[in-house]
Amino acid sequence: MSATSPIRAVLPPDIRARKGQSPLVVLTAYTTPVARLVDAHCDMALIGDSVGMVLHGMPSTIGVTMEMMILHGRSVVRGLQKAMAVIDMPFGSYEESPQQAYRNAARLMAETGAPCVKLEGGAHMAETIAFLTKRGVPVMAHIGLTPQSVNTLGGYKVVGRDGEANLVMEDAQAVEAAGAFSVVLEKVPMGLAARITQRLSIPTIGIGAGAACDGQVLVVDDMLGFFTEFRPKFVKRYADLGALASDAIADYAAEVRARTFPSDEHSFVDVLKGKQP
């Protein structure tokens with residue numbers, strides 16, 4: 001966004017200051033057209049590594065690369081004027097060391113224009129979060145179900161039931177103490193999510209974590225009905241655009257085969273009126 005733009009973009013301190021106020025609205029975006037739609041209604045646009053599954057047909061987020069995140073990050077930032085872009089750090093780009101995380105976070109921010117990054121992990125990533133935030137990289141944390149750890153977790157399951165509740169609370173407090181400006185709670189039981197939200201001084205962004213969180217995030221293709229490979233319980237379909245698109249494509253194919261498209265209305269004459277010799 002131009003430095004002279006009359007519209008002031010949302011930044012991490014603005015998000016942190018929204019703690020306990022009107023709920024934060026977040027959707028994923030991977031392209032410029034969708035970013036423009038999200039920008040009109042949301043506080044944040046998350047360039048999620050879910051792009052690998054949603055747009056590239058990958059079985060999980062594990063195979064997403066830095067180059068993919070940069071490509072889609074640039075596209076989304078071009079479409080935003082006021083909503084804040086948050087870009088995911090892909091698997092393998094930050095776990096090795098705080099220094100590795102800084103190099104890759106700095107690259108994501110510099111090459112996309114996103115003002116912050118998101119990374120997965122709780123207490124074990126606190127050192128890395130602190131290293132980044134002290135060096136000018138705002139961090140949104142992500143705890144509970146962390147999709148990049150799906151092979152270790154044993155599937156996309158709820159995290160925080162029974163004996164796990166204390167561990168999730170400890171993760172939340174650790175990322176807050178490390179300097180994260182907000183934290184995503186994914187597939188955390190709603191009672192636990194409410195207690196975490198009450199205890200933390202930074203906003204919680206829920207996805208499958210109940211209504212008590214300070215905000216909510218969904219994958220835009222899920223809530224619009226474009227992505228239909230599977231449907232998590234926490235997804236509400238606000239439209240069924242996939243079915244509408246399928247019907248439209250079927251109509252187009254039928255008209256092409258019947259030679260009813262293109263009609264004269266969609267074609268060009270050989271000689272314009274008034275141009276005859």
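Side chain of Gln100 to backbone of Gly92: a donor-acceptor contact under 3.5 angstrom is found. A distance-only check finds no donor-acceptor pair linking the side chain of Thr146 to the backbone of Ile143 [under 3.5 Å]. Listed for the Arg16 side chain is no donor-acceptor partner under 3.5 Å among the backbone atoms of Pro203. Looking only at distances, a side-chain donor or acceptor of Thr32 sits under 3.5 Å from a matching main-chain atom of Ser75. Proximity of a side-chain donor or acceptor of Asp247 to a complementary backbone N or O of Leu244 within less than 3.5 Å is not detected. Without hydrogens or angle criteria, Lys82 side chain to Asp39 main chain gives a donor-acceptor distance under 3.5 Å. Within the 3.5 Å criterion, the main-chain N or O of Val220 finds a donor-acceptor partner in the side chain of Thr28. Checking side-chain atoms of Lys19 against main-chain N and O of Leu200 turns up a donor-acceptor pair under 3.5 Å. Side-chain N or O atoms of Thr197 include one that pairs as donor or acceptor with a backbone N or O of Ala193 at under 3.5 Å. With hydrogens and angles disregarded, no donor-acceptor distance shorter than 3.5 Å links the side chain of Gln148 to the backbone of Glu120.
In plain terms, the two heavy atoms of Ala9 and Asp14 that are nearest each other are O-OD2, 4.1 Å. Here the shortest heavy-atom pairing between Pro12 and Pro138 reads CG-CB, 3.6 Å. Considering every non-hydrogen atom in both Gly206 and Ala209, the closest pair reads CA-CB, 4.1 Å. Residues Cys42 and Ala83 approach most closely at O-CB, 3.5 Å, considering heavy atoms. Between Asp240 and Gly225, the shortest heavy-atom contact is OD1-O, 3.9 Å. Across all non-hydrogen atoms, the minimal contact from Val137 to Ala105 is CG1-CB, 3.9 Å.
Hydrophobic clustering, defined by side-chain heavy atoms of Ile, Leu, Val, Met, Phe, Trp and Tyr closer than 4.5 Å, leaves Val25 isolated from every other such residue. Grouping Ile, Leu, Val, Met, Phe, Trp and Tyr by side-chain contacts under 4.5 Å, direct or through others, puts Phe91 with Ile62.
Residue Met68 is grouped with residue Leu119 when hydrophobic side chains (ILVMFWY) are merged at heavy-atom distances under 4.5 angstrom, including chains of intermediate members. Hydrophobic cluster membership is shared by Leu153 and Leu192, with clusters built from Ile, Leu, Val, Met, Phe, Trp and Tyr side chains linked at under 4.5 angstrom. Placement of Met109 and Leu71 in two distinct hydrophobic clusters is found when ILVMFWY residues are connected by side-chain heavy-atom separations under 4.5 Å, directly or transitively. Val51 and Tyr156 fall within a single hydrophobic cluster, where Ile, Leu, Val, Met, Phe, Trp and Tyr are joined by side-chain heavy atoms under 4.5 Å apart, directly or via other members. Val158 and Val188 fall into different hydrophobic clusters, where Ile, Leu, Val, Met, Phe, Trp and Tyr side chains are chained together by heavy-atom contacts under 4.5 Å.
Aromatic ring pairs are classed by plane angle as parallel below 30°, tilted from 30° to 60° and perpendicular above 60°; the pair His266 and Phe261 is tilted.
Rounding to the nearest 0.5 Å places CE of Met84 at 4.5 Å from CD1 of Ile15. Thr112 OG1 to His72 NE2: the interatomic distance, rounded to the nearest 0.5 Å, is 12.5 Å. Of the inter-residue distances, the one linking Asp221 atom CG with Ser50 atom OG reads 8.0 Å to the nearest 0.5 angstrom. Here the CE-CZ distance, from Met190 to Phe234, works out to 15.5 Å after rounding to the nearest 0.5 Å. Between the CZ atom of Phe226 and the CZ atom of Arg237 there is a distance of 11.0 Å, given to the nearest 0.5 Å. The distance from the CE atom of Met69 to the CG atom of Leu108 is 7.0 Å, given to the nearest 0.5 Å.
Around the NE2 atom of His41, the shell of radius 6.0 Å holds no more than 12 heavy atoms that belong to other residues, nucleotides or ligands. Within 6.0 Å of the CG atom in Asp264, the count of heavy atoms belonging to other residues, nucleotides or ligands does not exceed 12. Counting heavy atoms of neighbouring residues, nucleotides and ligands inside a 6.0 Å radius, atom CD of Glu127 does not exceed 12 of them. More than 12 heavy-atom neighbours from other residues, nucleotides or ligands sit within 6.0 angstrom of CE on Met58. Counting heavy atoms of neighbouring residues, nucleotides and ligands inside a 6.0 Å radius, atom CZ of Arg107 exceeds 12 of them. Around atom CD of Gln198, no more than 12 heavy atoms belonging to other residues, nucleotides or ligands sit under 6.0 Å away.
Contact of the Lys157 side chain with the Lys187 side chain is not registered, since no non-hydrogen atoms from C-beta on lie closer than 4.5 Å. You'll find the side chain of Val26 stays beyond 4.5 Å of the side chain of Asp43, heavy atoms only. Looking at Ile205 and Met44, their side chains come closer than 4.5 Å, going by heavy atoms from C-beta outward. Side-chain contact between Tyr30 and Val54 is present, with at least one heavy-atom pair separated by less than 4.5 Å. Residues Leu132 and Tyr94 fail the side-chain proximity criterion, which asks for heavy atoms closer than 4.5 Å. Using a 4.5 Å heavy-atom cutoff, the side chains of Val117 and Val139 are in contact.
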In residues 170-186, what donor-acceptor pairs under 3.5 Å come from side-chain atoms, sequence neighbours left out?
unit_1, atom_1, unit_2, atom_2, d
Asp171, OD1, Ala123, N, 2.8
Glu176, OE2, Ser201, N, 2.6
Glu176, OE2, Ser201, OG, 2.5
Glu186, OE1, His142, NE2, 2.9

